[in-house]
Enquirer: 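Next up is a structure, given as structure tokens.
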Amino acid sequence: MKEDLDIFSRLKKLMADMETSEVADLPENKLEKITIELKKLINEFDSEKQVNKTGSDILKHIVNQEGLLWVKDLEGRYIAVTKFYANLYGIDHTEFFIGKTDAELYSVDNANTDILRSHDNQLLETQTPISINEKLVLPQHIINDQAYKAAYYDVNGHHAGTVGYLRDVSKINQLELQNRKLTKAIEQSTATIVITDIKGIIEYVNPQFTKSTGYTYDEAIGMNPKILKSDVSSPESYKVLWETISSGKEWRGEFCNRKKNGENYWESAVISPVFDKDGSIINYIAVKDDITKIKQNETELIRMSNLQDLLTSISIENININQEQIQENIIESLAKIACFVEADRALIFKYDWEHEKCFPEYEWHNDDFDDLLPGFTEILFSEITPWIENHKQNHIFHIPYLAEYDGNDGNELRAKGVKAMISVPFFVNNNCLGFISFDNVKKQHLYTQKEMSLLEVFGQIYANLLQRSDLEKNLKLEIENVKKANQAKSEFLANMSHELRTPLNGVIGFSELLLNTEVNKVQLQYTNAINTSAKSLLNIINEILDFSKIEAGKLELEIEKNDVIQMIENCIDIVKYSAEKKGIALLLNISDHLPRFA
């Protein structure tokens with residue numbers, strides 16, 4: 001029995017070797033080796049009297065073996081099958097096959113049984129192992145299999161029958177089809193896919209890898225993904241990545257890699273370990289998407305938000321700025337915007353449309369450049385025609401690559417080493433008053449559309465500041481004129497009051513002298529009226545002078561009591577003569593409750 005087990009353990013090993021091999025592609029020496037082993041096993045059964053004509057002993061051992069194994073005699077009748085083979089037919093006992101031929105089993109398709117029998121006859125005639133693809137037409141389903149068949153001999157060397165092993169390739173074909181689909185999907189995927197061994201050595205990359213990195217398939221295989229490492233992502237992030245996947249976990253994240261040409265790009269990656277059936281890590285698979293544009297958009301969005309904040313702060317600063325601080329504030333604002341757009345110099349030009357020229361008013365430059373304003377007087381319109389045409393239509397004029405610009409207006413800029421230039425017009429009341437130019441010398445800068453829009457906002461902020469400055473200047477001038485007018489008025493009133501007081505004092509003086517002479521009652525009444533009216537006029541003149549004192553802030557008030565009744569009687573005396581002349585009786589009725597002094 002021990003010998004039986006030894007023989008069948010070798011048989012089991014042989015079957016396992018066949019199961020894990022692509023039988024159709026086995027070389028001749030491999031097929032021959034398997035045949036010799038099968039022959040040796042069968043002969044050992046016969047020599048030990050373990051095999052008889054009925055095959056009952058070999059059946060006893062074979063039925064419990066793994067795999068689709070069968071043994072037939074010279075007549076093509078089954079003498080032994082495994083349980084797995086019987087299960088193909090939906091039968092759970094192997095005795096059903098004993099003594100039956102393929103024709104009896106495959107009665108549903110006689111043509112197919114003839115093919116199977118012809119394969120067996122070929123084997124009997126040539127006694128050479130064969131590997132063929134067969135189709136088993138069973139009552140319930142059809143199985144495509146790959147069969148390996150060999151002859152076996154008895155102890156006397158006579159041909160005793162055939163032994164065969166089947167592989168159900170239906171599932172294999174499905175898996176192969178699935179693999180082809182997956183392979184096609186991977187090959188056509190827009191995601192970069194990289195497979196490495198457990199040491200991180202690249203074993204596979206898909207075509208997208210080449211598109212993303214510039215490295216070909218042959219250049220990448222055998223290399224470490226470190227060839228893509230940039231200086232942007234921190235060493236700590238790579239350490240965490242490796243520790244995560246080495247522990248059998250999936251890693252997700254973003255990192256900045258470097259292409260073959262030295263250009264940096266961003267990837268979002270999922271890196272997972274691959275396990276064998278024992279749970280050991282055998283590979284790592286990375287699936288990565290290029291997110292460079294997303295990162296650039298995020299960066300640009302943040303950058304534009306910062307520029308908006310900068311413009312807002314500049315606008316707020318301009319609200320409460322003094323006239324004396326405007327020039328300083330303009331240069332500071334120009335410096336902030338220029339630094340933000342990486343410009344090395346910024347200039348503000350004013351247009352002189354009447355004489356068709358422009359001249360610089362303000363300049364900012366970084367410390368590595370000299371001032372242009374001292375020797376920069378004016379530019380004729382004929383020298384910058386494209387600029388003028390764009391500015392008239394309220395359009396920005398932008399030269400992104402001066403090295404490629406063929407306009408004559410770019411010669412002087414190129415001579416100064418300018419790589420890129422942009423000029424932004426500014427308007428007041430629909431009139432283009434000038435433009436703001438930014439020169440990029442040290443570094444090329446491509447202005448985005450959003451950047452241009454915000455620079456137009458800065459141009460309008462400057463235009464508003466310019467308009468406000470002019471208004472304040474005009475207002476200041478008007479105030480000075482008003483002050484001069486008030487001063488002239490005060491001087492006029494002072495002179496007039498002096499000229500009026502002199503004769504008026506004479507009237508008052510002589511009327512008082514007349515009151516002291518002997519006059520009749522009517523004359524006394526008229527003289528009093530003259531004196532009262534003259535004094536009233538003098539008070540009016542004094543009050544006019546008080547207006548001048550009020551404007552000059554020099555009026556001093558004195559609080560004193562006045563005879564109210566006397567004041568009222570004086571007022572009556574002034575108009576009494578006119579009333580009597582018109583025949584109007586003018587009566588004064590003062591209440592006894594009215595206080596005399598107030």
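For clarity, every value in this text was computed on a predicted model and none was experimentally measured. Values below: all heavy atoms of this structure, side chains included; hydrogens, waters and symmetry mates excluded.
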Enquirer: Keeping the roles fixed (side chain from S469, backbone from L465), state whether a donor-acceptor pair exists under 3.5 Å.
Expert: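 Not a single qualifying donor-acceptor pair exists.
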Enquirer: Is it true that, when you exclude R252 itself, more than 12 heavy atoms of the residues, nucleotides or ligands shown sit nearer than 6.0 Å to its CZ?
Expert: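 Atom CZ in R252 is not crowded, with 12 or fewer foreign heavy atoms closer than 6.0 Å.
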Enquirer: Under the 6.0 Å and 45° cation-pi test, does K419 pair with Y401?
Expert: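 Ring-cation test returns no.
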Enquirer: Go through the structure and list residues passing side chain to side chain contact (heavy atoms under 4.5 Å, CB included) with I221, not counting sequence neighbours.
Expert: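 For I221, the residues satisfying side chain to side chain contact (heavy atoms under 4.5 Å, CB included) (neighbours in sequence not counted) are I202, Y217.
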Enquirer: Only distances under 3.5 Å count here; give the side-chain donor-acceptor pairs of residues 584-592 to other protein atoms, sequence neighbours excluded, each with its distance to 0.1 Å.
Expert:
{"from": "S591", "atom 1": "OG", "to": "H593", "atom 2": "N", "distance (Å)": "3.2"}

Enquirer: I'd like to know if the side chain of Q523 and the backbone of N520 have a donor-acceptor N/O pair within less than 3.5 Å.
Expert: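 Yes, the answer is positive, given that a donor and an acceptor are paired below the 3.5 Å cut-off.
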Enquirer: According to side chain to side chain donor-acceptor pair (under 3.5 Å), who are the partners of N297, at least two apart in sequence or on a separate chain?
Expert: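 For N297, no residue satisfies side chain to side chain donor-acceptor pair (under 3.5 Å) once neighbours in sequence are set aside.
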Enquirer: With sequence neighbours excluded, tell me which residues meet side chain to side chain donor-acceptor pair (under 3.5 Å) with N366.
Expert: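 Partners of N366 by the side chain to side chain donor-acceptor pair (under 3.5 Å) criterion, ordered by chain and then number, come out as D344.
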Enquirer: With heavy-atom distances below 4.5 Å as the criterion, would you say the side chains of P425 and F397 are in contact?
Expert: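 Contact flag for P425/F397 side chains = no.
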Enquirer: Quick one: pull up CG in L515 and OG1 in T527 and give me the separation to the nearest 0.5 Å.
Expert: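 L515 atom CG to T527 atom OG1 measures 5.0 Å (nearest 0.5 Å).
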Enquirer: When rounded to the nearest 0.5 angstrom, what distance separates CD1 in I461 from OG in S315?
Expert: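 OG of S315 is found 3.0 Å from CD1 of I461.
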Enquirer: Drop me the distance from Y215's OH to N261's CG, to the nearest 0.5 angstrom.
Expert: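 That separation rounds to 9.0 Å.
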Enquirer: I'd like to know if the side chain of S246 and the backbone of E243 have a donor-acceptor N/O pair within less than 3.5 Å.
Expert: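 No: the side chain of S246 does not pair with the backbone of E243.
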Enquirer: Test: salt bridge (Lys or Arg N to Asp or Glu O under 4.0 Å). Region: residues 207-216. Which pairs qualify, not counting sequence neighbours?
Expert: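 Counting only pairs at least two positions apart or across chains, no salt bridge (Lys or Arg N to Asp or Glu O under 4.0 Å) contact touches residues 207-216.
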Enquirer: Indicate yes or no for a side-chain donor-acceptor contact from N224 to the backbone of K226 under 3.5 Å, with no hydrogens or angles considered.
Expert: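 It does hold such a pair.
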Enquirer: Which heavy atom in P360 sits nearest to a heavy atom in F349, and how many Å separate them?
Expert: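 Here P360 and F349 meet closest at N-CD2, 3.6 Å.
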Enquirer: Heavy atoms, side chains only, cut-off 4.5 Å: are L466 and Y462 in contact?
Expert: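 Answer yes - side chains close enough.
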Enquirer: Just by modelled atom types, is the P400 backbone N or O under 3.5 Å from a matching donor or acceptor in the Q444 side chain?
Expert: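 Side chain of Q444 to backbone of P400: a pair is present.
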Enquirer: For K249 and P273, which heavy atoms make the closest approach, and how far apart are they?
Expert: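 Heavy-atom minimum between the residues: O-CD, 3.5 Å.
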Enquirer: For the ring pair Y284 and W242, is the centre-to-centre distance below 6.0 Å?
Expert: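 Close enough - the centres of the two rings lie under 6.0 Å apart.
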Enquirer: Could you pull out the closest heavy-atom pair between A420 and L402, with the gap in Å?
Expert: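 Reported closest heavy-atom pair: N-CD1, 4.2 Å.
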Enquirer: In terms of relative ring orientation, are Y351 and H391 parallel, tilted or perpendicular, with 30° and 60° separating the classes?
Expert: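 Judged by the thresholds at 30° and 60°, the geometry between Y351 and H391 is tilted.
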Enquirer: Donor-acceptor pairs under 3.5 angstrom involving side-chain atoms of residues 327-334: please list them, not counting sequence neighbours.
Expert:
{"from": "S333", "atom 1": "OG", "to": "N329", "atom 2": "O", "distance (Å)": "2.9"}

Enquirer: What side-chain donor-acceptor pairs closer than 3.5 Å can you find for residues 185-196, not counting sequence neighbours?
Expert:
{"from": "E187", "atom 1": "OE2", "to": "Y204", "atom 2": "OH", "distance (Å)": "2.5"}
{"from": "S189", "atom 1": "OG", "to": "A191", "atom 2": "N", "distance (Å)": "3.0"}
{"from": "T192", "atom 1": "OG1", "to": "S212", "atom 2": "OG", "distance (Å)": "3.3"}

Enquirer: Just so I know, are the side chains of N257 and T213 near enough to count as touching, which here means a heavy-atom distance under 4.5 Å?
Expert: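 No - every pair of side-chain heavy atoms lies 4.5 Å or more apart.
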Enquirer: With a 4.5 Å limit on heavy-atom distance, are the side chains of D409 and P386 in contact?
Expert: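 Yes. Closest side-chain heavy atoms under 4.5 Å.
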Enquirer: Give me each pair satisfying salt bridge (Lys or Arg N to Asp or Glu O under 4.0 Å) with a member in residues 435-455, each pair once, sequence neighbours excluded.
Expert: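 Of all non-adjacent pairs touching residues 435-455, those that pass salt bridge (Lys or Arg N to Asp or Glu O under 4.0 Å) are R303-E451, E342-K443, D368-K442.
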Enquirer: Just wondering, more than 12 heavy atoms not from F510 lying within 6.0 Å of its CZ?
Expert: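 12 or below, so no.
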Enquirer: Regarding Y447 and N440, do their side chains bring together a donor and an acceptor under 3.5 Å, going by distance alone?
Expert: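 N440 and Y447 do have a side-chain donor-acceptor pair below 3.5 Å.
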Enquirer: Indicate yes or no: at least one non-hydrogen side-chain atom of W364 is less than 4.5 angstrom from one of R345.
Expert: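 A side-chain contact under 4.5 Å is absent here.
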Enquirer: Around atom CD of E412, are there more than 12 heavy atoms from other residues, nucleotides or ligands closer than 6.0 Å?
Expert: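 No, CD of E412 has 12 or fewer neighbouring heavy atoms, counting only those of other groups under 6.0 Å.
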Enquirer: What I want to find out is whether K336 reaches E317 closely enough, with some N-O distance under 4.0 Å, to be called a salt bridge.
Expert: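 E317 and K336: salt-bridged.
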Enquirer: Closest approach of S230 and Y238, non-hydrogen atoms and distance?
Expert: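 Scanning both residues completely, I find the closest heavy atoms to be N-OH, 4.1 Å.
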Enquirer: Write down the atom of A463, the atom of F427, and the distance for their closest heavy-atom approach.
Expert: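 The pair with the smallest heavy-atom distance is CB-O, 3.2 Å.
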Enquirer: Counting distance only, does the side-chain N/O of N562 pair as donor-acceptor with the main-chain N or O of V564 below 3.5 Å?
Expert: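 Checked: no pair found.
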Enquirer: For E480, enumerate each residue passing the side chain to side chain donor-acceptor pair (under 3.5 Å) test, keeping only those at least two apart in sequence or located in another chain.
Expert: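 Side chain to side chain donor-acceptor pair (under 3.5 Å) list for E480, sorted by chain: empty.
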Enquirer: Establish, yes or no, whether the cationic atom of K350 lies under 6.0 Å from the six-membered ring centre of F359 and within 45° of the ring axis.
Expert: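 No, K350 does not sit over the ring of F359.
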Enquirer: Assess whether a salt bridge exists between E263 and R258, defined as any Lys/Arg side-chain N lying under 4.0 Å from an Asp/Glu carboxylate O.
Expert: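 No, E263 and R258 are not salt-bridged.
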Enquirer: Only counting residues at least two apart or in another chain, list the ones meeting side chain to side chain donor-acceptor pair (under 3.5 Å) with H355.
Expert: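 H355 satisfies side chain to side chain donor-acceptor pair (under 3.5 Å) with D352 once adjacent residues are dropped.
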Enquirer: Just jot down the side chain to side chain contact (heavy atoms under 4.5 Å, CB included) partners of L301, sequence neighbours excluded, or say none.
Expert: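 Applying side chain to side chain contact (heavy atoms under 4.5 Å, CB included) to L301 gives none.
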Enquirer: Checking S423 side chain against F435 main chain: does a donor-acceptor pair fall under 3.5 Å?
Expert: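 Pair absent, no side-chain N/O of S423 close to backbone of F435.
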Enquirer: Without swapping roles, check the side chain of D290 against the backbone of T292 for a donor-acceptor pair under 3.5 Å.
Expert: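 Yes.
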Enquirer: Which residue pairs satisfy the side chain to side chain donor-acceptor pair (under 3.5 Å) criterion with at least one member in residues 530-539, sequence neighbours excluded?
Expert: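 Checked against side chain to side chain donor-acceptor pair (under 3.5 Å) - neighbours excluded - the pairs reaching residues 530-539 are S511-N531, E512-K535, N531-K535.
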Enquirer: Check whether any side-chain heavy atom of L228 lies under 4.5 Å from a side-chain heavy atom of F209, and answer yes or no.
Expert: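 Yes; the side chains approach each other to less than 4.5 Å.
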Enquirer: So I379 and K357, do their side chains get closer than 4.5 Å, heavy atoms only?
Expert: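 Contact flag for K357/I379 side chains = no.
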Enquirer: Using 30° and 60° as the class limits, which term best fits the ring planes of W353 and F381: parallel, tilted or perpendicular?
Expert: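 Judged by the thresholds at 30° and 60°, the geometry between W353 and F381 is perpendicular.
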Enquirer: Heavy-atom distance under 4.5 Å between the side chains of T385 and I388, does that happen here?
Expert: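 No; the side chains remain at least 4.5 Å from each other.
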